[in-house]
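Here is the structure we will look at.
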Amino acid sequence: MFSLINPDGSVRDRLPLTLDEMKALYADMVEARTYDDKSMAMQRQGRLATYAPFRGQEAAQIGAAAALAEDDWVAATYRDAALNWRAGYPWELLILGRTGDERGGQVPEGVNILPPSITVGGHMIHAVGLSWAEKLSGSDRIALTSFGDGATSEGDFHEAMNFASVYRTPTVFLCQNNGYAISYPTSEQTRSDTIAVKADAYGMPGIRVDGNDVVAVLVAVREAVSLARAGDGPSLIEAVTYRMGPHTTADDPDRYRDGSDVTVWAERDPLERVRLLLERQGAWDEDWQTELESEASETIEAAVAWAESVPPPTFAEMLNRVYAQPSPALREHLETGEPSQM
Amino acid sequence: MFSLINPDGSVRDRLPLTLDEMKALYADMVEARTYDDKSMAMQRQGRLATYAPFRGQEAAQIGAAAALAEDDWVAATYRDAALNWRAGYPWELLILGRTGDERGGQVPEGVNILPPSITVGGHMIHAVGLSWAEKLSGSDRIALTSFGDGATSEGDFHEAMNFASVYRTPTVFLCQNNGYAISYPTSEQTRSDTIAVKADAYGMPGIRVDGNDVVAVLVAVREAVSLARAGDGPSLIEAVTYRMGPHTTADDPDRYRDGSDVTVWAERDPLERVRLLLERQGAWDEDWQTELESEASETIEAAVAWAESVPPPTFAEMLNRVYAQPSPALREHLETGEPSQM
Amino acid sequence: MPEVNLAQAINGALDTALRNDPRVVLLGEDIGRAGGVFRITDGLRASHGPDRVFDTPVAESGIVGAAFGMAVAGMHPIAELQFLGFSYPAYDQIINHVARIRNRTNHRFSAPMVIRIPYGGGIGAAEHHSESTEAIYAHIPGIKVVVPSTPADARGLLLAAVEDPDPVIFLEPIRLYRAIREDVPEAVDRVEIGPVRVERSGDDITLISWGAMMKETRAAAGALAEDGYSVEVIDVRTLAPLDRDGIVASVEKTGRAVIIHEAPLTGGFGGEIAATITERALYSLLAPIKRVTGWDTVFPLKRSEAHYLPSVDRIVSAAHETLEV
Amino acid sequence: MPEVNLAQAINGALDTALRNDPRVVLLGEDIGRAGGVFRITDGLRASHGPDRVFDTPVAESGIVGAAFGMAVAGMHPIAELQFLGFSYPAYDQIINHVARIRNRTNHRFSAPMVIRIPYGGGIGAAEHHSESTEAIYAHIPGIKVVVPSTPADARGLLLAAVEDPDPVIFLEPIRLYRAIREDVPEAVDRVEIGPVRVERSGDDITLISWGAMMKETRAAAGALAEDGYSVEVIDVRTLAPLDRDGIVASVEKTGRAVIIHEAPLTGGFGGEIAATITERALYSLLAPIKRVTGWDTVFPLKRSEAHYLPSVDRIVSAAHETLEV
Ligand SMILES: Cc1ncc(C[n+]2csc(CCOP(=O)(O)OP(=O)(O)O)c2C)c(N)n1
Ligand SMILES: Cc1ncc(C[n+]2csc(CCOP(=O)(O)OP(=O)(O)O)c2C)c(N)n1
Ligand SMILES: [Mg+2]
Ligand SMILES: [Mg+2]
């Protein structure tokens, strides 16, 4: 497994990043974790619909997104808020989406990120199509798709991997193997030793990387992105990580796992090892941490405030977004339908 | 690639079969080819619906079926008439099916063969379910599923392979890689070097075998069957062969292949090499050949005669086979519907 | 099993089926250790063992296809798909294989299996979690489609489905899982798949619905009764096979009908019912049939959900328009 | 393009689309070198190159999903699925993704793409090759469903579909591919997606159909005219969005309607049309609406096909029953 930073903050190899870049990655992870914590709390207060926390997976997501160019395509999942945000999806729209508002999917022009996929497996092939189109039009834009270990069981994973390799599309497949598909452990989902090895079935490079090591992920995804951009086709990256929280706020992990793994993985926390690394280099102190956290908090609070200030969609808005022009039936609904009492 | 008999009839290794067994395999292949030729002719006369010939694939099919026990399950395709027949599916029902009659799927009790699958890819998982049920009930019956190279592109292939390995079901996956999915060559369908290697993605044994060598196929499938029966789970066998004829009687291969490959593969004919082998051992002569052919012809003619003597399904029969008991709508159709003029 | 809700009634029926018939097995995503995302299979793996209750990979086509193979081999599998919106990857297996094996083998093989699927909106769920696409199943010959709306029907219809010689799609109304409690004696064994249930008798108008919308339909019937109307309420319960006689008999009596469903209007199963009434009871009709349905849009997210779901008010006012003709 | 059949008209429209718009690409199984199993894409790879016309692996979900991604990125892909019976593996992509991207991004992204699918029976084909399950698509918000029955409509509607900002399912009636020839000037550019086409005007009865069944419907209209009736024939052409006004206007005039489709009765799209008429033109109806449809069974194999397909006789006698009320 490819890894560069040990859990204690020591490094295995020279890191290809400046100290400032390391600090920026750390700051991003802190901001992401703040968002995650805040979202869990808001959901408990009934201010968000079900929420899928990514605690423990910050390195995989921030590291991957940091390897992308601004206008690359991203097709990721309900758990990938950190990845999407770092790739350009504004927090406020992610939050708006989680309040249960379709307008959360309306990213600004120039941001090429699909709304988080709720179906497991269906979105990987979209990244193939997106990047295929870019290849055909001669642009050097690529697409990254992020998905879980569970998604690799879907037939759509197979078709996406196959199309990407057959047409050599500039696609990066990032699997965050976080140990579970809801309650079903990765070890039972498949009999292959790793997920990375599945790339062989498509003649595609596959690599396994420590998903809690933000630099290792960044380096691996950067390599895959370069291959793709250079016309050398798709790759699969398995980022081995762990979902520290429940599957979603509706889930109770005690039904299917005892706490022992959680304890083990807590020692491998993706933020802590970078903090230690920075501390070793004299680039971290409590003040900076406090500053980071309070800035992040303010940012997220502001995003929440904005999202919560958006008036709910009207009846007409609900019906006007199905087609470019509403169908005759929708026009009738608009005329005769009684808007309900919210 | 595992192979035992060379195209010139010489052998690479001691064959694990008696001369009588070899002769029986040869006779079966002759009978199958007779059926295939006859079916092509009948289709041209308008007596069959579209027909998918298996010429060139007799060894793969007869070899595989010869490795099965009488009551094992088989889930195969529209091109697998030889396999199905050797496994117990009566010629006359195969022919009845090809005239366009659902009763062709009504195999006798004791024959555990599903009707030939027309959808590409959908039937592999059925073999997984069938054999899973046998495993759960403690029987030692296994299931073999046969499919083409093209079918390995379907998501259902992936799900079937994964379920089989996850639950260690006694399933044998036989892929007849005959070079094409209709017009699309295997070399373009995937970037993996072989189809056998795809087994790695499931932690399953995968083997590549000369599909025109009936003994090699028999040995490979026998091995997979033993593993399955012993509780050691599923295997994938890629039988490398070539479709000598058109995809179906509706196809024109000249649109997508020049004759050169056909010439090459004609030299690797699966019947001829066994004939040469037998001849080398003094176990083949013209008389026997003539006898085999005329017996086969009679058998097939009789089967055809039977199938053609079956009166067409009545209107009521058509409606009475949808459910165990017809629904109220079907009962109304039965009362009020006017049987059409045939 | 006195006083259970719909979720508990289904759990109990599954337990009974597993106990009574060794051919019954359960398979689906998270149904084992976790007891299902709605806890419908809670405790069943513990009490019946991991060889009767299987957690599966996230692969709906695989789940249905494997269950199909098991059924052909003589078992009676009960598969769970996590939400109706995630049943579409299995649609090919259902329509092309599950529904057809009897027909294509002239009864030699069959697939006695149940596919349980939670469906419908009203809980502010994420995308794809609120679907009500029963019409795409009810159109397919070879399967049956059952939608209970009460605990007793849930138990009785599920036990009937398990014993049915043909495959049954069993749709479970999510927002009724824990909404109603009722006394369901264990002795209530089977409810016949097919006949509608006349839930309330009346002479002025027939309200026709099924599954989750029965809640609003009942409330609307209550409101109309308070306005002095005599309301008949039909719970269709089985969309396929459809009990046309049961529906037509009611409308012949009342002369007025409102059909209520959650799915979008166009192509919803209400069209079939309205067409049936027109074909068979045209001369009894005192007013045009009305359909109160979801709008022709994707089921919306939480903040718009109340705009979408047919409300008691919409049903009542449609009924009034019908009654005032 | 004078005097072409429906297959040639589609081929010509694809050629025009490829020529006029660099964003158009074609993808599907065997559409390139082989020119498609029905030869609809014959010659297009040769004339437009392998970077415009792609043969694909046998993977319908992949084809539609990849085309969807291309469309979101700004192309106008035209995917071919080989038969409607093989579209089900792609159903999830169509319903959960293709149909929804505009809605879930509030117009930020859209999927301007066409999915061409040959459909229908009548050629004695193998299992799954004769499906007519248009109803399962017409029910889905976010897509359009078009079914031409003449060469001119095929060309015009296909060109409109390619330019449509929303995804269009384009169903091609197999048994009409080479059945009718007509003059289709290249100048016939677009036929609006939506409005029905009144193919024949009359006052006594309206026959309503689409796609492949238009052939029998036309013949029935001819027969009824010989019997002295004045028959109106409506080719619905677009199932979604449905031109309710066009249909209702006709029935308001004639007072009688027979709806003809090949799909099984129950849950077929005829139900929607009958329901619409009853809701909006009840008081114009002089007789119950009739539906002449396939039976509630799996489309049968060759030897039973004539039992299944609605015949001219069945249409004529249903019309007579309607007329004699
Ligand atoms: C097609 C489909 N089937 C089932 C579900 C229900 N479901 C939601 S998340 C999930 C598990 C996914 O696991 P994984 O891919 O490992 O992602 P993770 O949640 O661990 O990030 C399931 C089964 C779904 N959303 N889509
Ligand atoms: C799901 C599905 N998609 C498409 C088809 C149309 N089709 C019939 S055979 C075939 C090619 C199959 O190739 P392969 O699996 O290699 O089998 P072969 O015909 O070569 O034996 C295709 C695409 C089908 N029958 N089913
Ligand atoms: Mg996971
Ligand atoms: Mg092949």
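Note that this is a predicted model, so its numbers are computed, not measured. So that the names make sense, note that chain A is the first sequence line, chain B the second, and so on, each numbered from 1.
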### Task
Tell me, for A/Asp193 versus chain B, whether the close heavy atoms (under 4.5 Å) come from the side chain, the backbone, both or neither.
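Contact with chain B: none, neither part.
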
### Task
Please flag which part of A/Thr152 lies under 4.5 Å from any non-hydrogen atom of chain B: side chain, backbone, both or neither.
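Backbone of A/Thr152 only, per the 4.5 Å heavy-atom cut-off to chain B.
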
### Message
Please check this pair: side chain of B/Asp200 against backbone of A/Ala201, looking for a donor-acceptor N/O pair closer than 3.5 Å.
### Response
no

### Task
Heavy atoms only: give me the nearest B/Val166-A/Gln189 pair and the separation to one decimal.
CG2-O, 3.2 Å

### Query
Closest approach of B/His158 and A/Phe157, non-hydrogen atoms and distance?
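So the two residues come closest at NE2-CD2, 3.7 Å.
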
